[in-house]
Amino acid sequence: MRIATWNVNSVTARLPRLLGWLSSAQPDVLCVQELKCTDEAFPRAEIAELGYDVACHGTGRWNGVAILSKAGLDDVTRGLTDQPAYEDVTEPRAIGATCGGVRVWSVYVPNGREPGHAHYAYKLRWLEALQATVLAESGAGRPFAVLGDFNIAPTDEDVWDISLFTESTHVTEPERKALAMLRETGLTDVVPRALKYDRPYTYWDYRQLAFPKNNGMRIDLVYANPAFAGAVSDAYVDREERKGKGASDHAPVVVDLTV
DNA sequence: ATGCCTTGTGGTACAAGA
């Protein structure tokens with residue numbers, strides 16, 4: 001089974017590239033983030049034509065997550081248990097489903113904006129809710145993984161120049177502690193191969209030639225329980241999809257499983 | 001060339017992204 005995650009930065013703007021990538025990479029399951037559209041506006045028919053069942057969770061111009069599956073799509077859950085709100089809005093940032101016996105969550109962790117900002121505190125609270133959901137669902141022998149845009153670089157090596165991040169989110173100790181807590185519940189960081197250069201970055205800013213300079217970050221992660229991680233036969237970042245006109249600023253992360 | 005930001009919304013700019 002091939003399972004992938006991709007922050008598409010608007011599913012409607014990315015639709016031609018999304019359809020092309022689904023056809024060429026042929027994932028059985030794709031976790032999508034940053035839909036930037038309502039469920040009504042989601043391009044369901046075009047994706048269904050490629051053989052995918054769709055479960056989406058979007059409300060409009062910000063956020064939005066989905067799971068596309070050719071392997072079954074059961075027990076869909078929208079939102080985390082006790083998911084915190086931001087400015088009184090519980091945002092569409094998490095959706096779970098069971099696909100061919102594999103439980104997956106597609107998540108778009110809040111950005112945080114800057115340390116000290118209310119959005120940063122919200123990010124940490126949100127990660128606590130994610131941990132509670134993981135604790136409730138990742139046990140037993142069923143393959144389980146949280147895939148998505150975590151907006152956290154797990155180590156200093158996961159950003160192109162750590163010296164530029166002294167005042168920034170994505171690399172702070174509390175954010176990394178939240179990832180460590182997820183690992184302590186039994187999840188493993190499934191680190192993909194880089195297809196070029198030495199680090200498997202998944203995001204490059206649109207500005208300042210970040211992609212040609214490989215000024216990237218690894219923030220799109222796959223956190224898997226032992227049954228999932230033990231079945232991984234390969235994992236890579238499809239950086240080819242970051243090239244050219246009309247690309248998302250994130251590249252897909254692809255994981256192959258023996259199940 | 002992988003190439004100097006992109007998106008949706010609302011209105012002829014702006015917030016948000018990380």
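Every chain is numbered from 1 and lettered A, B, ... according to where its sequence line falls, protein lines coming before strand lines. Just so you know, these numbers come straight off a predicted model, no measurement behind them.
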message: Can you see if the side chain of A:Tyr108 gets near the phosphate of B:dA18 - specifically, an N or O under 4.0 Å from OP1 or OP2?
response: yes

field: A:Asp82/A:Arg125 salt bridge by N-O under 4.0 Å criterion
entry: no

- prompt: Is the phosphate of B:dT7, meaning OP1 or OP2, less than 4.0 Å from a side-chain N or O of A:Asn9?
  reply: no

- line: Out of B:dT2, B:dT7, B:dC4, minimum distance to the side chain of A:Leu209 belongs to B:dC4

query: Of the nucleotides B:dT7, B:dT2, B:dA18, which one has an atom closest to the side chain of A:Tyr197?
result: B:dT2

message: When the C1' atoms of B:dG11 and B:dG17 are compared, how many Å lie between them, rounded to an integer?
response: 22 Å

- request: Could you work out which one of B:dT2, B:dT6, B:dA18 sits closest to the side chain of A:Asn111?
  value: B:dA18

- request: Let me know the distance between CD of A:Gln33 and P of B:dA18, rounded to the nearest Å.
  value: 10 Å

query: What is the distance, rounded to the nearest whole Å, between atom CG of A:Asn215 and atom P of B:dA18?
result: 17 Å

field: N/O (side chain, A:His119) to phosphate O (OP1/OP2, B:dA18) under 4.0 Å
entry: no

- prompt: Taking only side-chain nitrogens and oxygens of A:Arg14, does any of them come within less than 4.0 Å of OP1 or OP2 of B:dT7?
  reply: yes

message: Within the supplied structure, the quantity of interest is the number of heavy atoms (other residues, nucleotides, ligands) at a distance under 6.0 Å from A:Gln208 CD; does it exceed 12?
response: no

task: May I have the distance from A:Arg242 (atom CZ) to B:dA18 (atom P), rounded to whole angstrom?
output: 12 Å

- prompt: B:dA18 P sits how many Å from A:Leu221 CG, rounded?
  reply: 13 Å

message: Between B:dA18 and B:dT7, how many Å separate the two C1' atoms, rounded to a whole number?
response: 15 Å

message: Would you measure the distance from the C1' atom in B:dA16 across to the matching atom in B:dG10 and give it in whole Å?
response: 15 Å

query: Does a side-chain N or O from A:Asn63 land closer than 4.0 Å to OP1 or OP2 of B:dA16, or not?
result: no

message: Within the 3.5 Å criterion, strictly below it, is a donor on A:Asn7 or A:Glu34 matched to an acceptor on the partner's side chain?
response: yes

query: Does the base of B:dT2 carry an N or O that pairs as donor and acceptor with the side chain of A:Lys196 under 3.5 Å?
result: yes

message: Tell me the closest heavy-atom pair linking A:Ala224 and A:Phe228, and the distance in Å.
response: CB-CD2, 3.3 Å

query: Charged N to carboxylate O below 4.0 Å: is that the case for A:Arg218 and A:Asp189?
result: yes

query: Please give, in whole Å, the distance from B:dC4 P to A:Asp205 CG?
result: 12 Å

A:Tyr120 OH - B:dG17 C1' separation (whole Å): 18 Å

field: Gap between atoms CG and P, on A:Leu35 and B:dT9 respectively (whole Å)
entry: 13 Å

- prompt: Is there a side-chain polar atom (N or O) of A:Arg113 under 4.0 Å from OP1 or OP2 of B:dG17?
  reply: yes

field: Side chain of A:Pro212 (C-beta onward), nearest among B:dA18, B:dT2, B:dG17
entry: B:dT2

